[in-house]
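Everything below concerns the one structure shown next.
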Amino acid sequence: MIKAETNIYDKFQTVIPKKIREKLGLTKNHVIEWIADENGKVELKFRKKLTDDDVKGMISLKEKTNAVKLVDDIYKKGDKKI
């Protein structure tokens with residue numbers, strides 16, 4: 001177990017202690033989820049930020065789509081706010 005303390009700075013910013021970052025392998029590509037219960041206990045969860053490559057293939061459609069046709073259809077309807 002590692003115990004560390006940090007200060008709260010302007011705009012309520014703080015620093016993740018180096019020992020913790022190294023132990024968990026944290027980088028700038030991580031997001032922190034803060035979970036506070038009704039008793040004031042706070043749990044932090046670290047996860048990698050999702051990239052375009054991470055989400056590719058997560059959703060599958062029953063039928064194929066044609067992006068060019070979709071854009072053409074939008075222009076035909078007069079909605080040119082693309």
Q) Closest approach of T14 and N7, non-hydrogen atoms and distance? A) OG1-O, 2.8 Å
(Q) Which heavy atom of N39 sits nearest to which heavy atom of D37, and what is that distance? (A) N-OD1, 2.9 Å
Q. What is the minimum heavy-atom distance between H30 and K49, and which atoms define it?
A. O-CE, 4.0 Å
Q.
Side chains of F46 and V31, heavy atoms from C-beta outward: is any pair under 4.5 Å?
A. no
Q. Could you state the interatomic distance from CD1 (I2) to CG (L24), rounded to the nearest 0.5 Å?
A. 7.0 Å
**Q.** Non-hydrogen side-chain atoms of R21 and V15 separated by less than 4.5 Å
**A.** yes
Q) When you check the gap from the basic side-chain N to the acidic O, do K76 and D72 get nearer than 4.0 Å? A) no
**Q.** I8 atom CD1: more than 12 heavy-atom contacts under 6.0 Å
**A.** no
Q. How close do R47 and E33 get, heavy atom to heavy atom, and via which atoms?
A. NE-OE2, 2.6 Å
Q | Atom pair NZ (K69) and CD1 (I74), whose distance is rounded to the nearest 0.5 Å | A | 10.5 Å
Q.
With a 4.5 Å cut-off on side-chain heavy atoms, are I16 and I32 touching?
A. yes
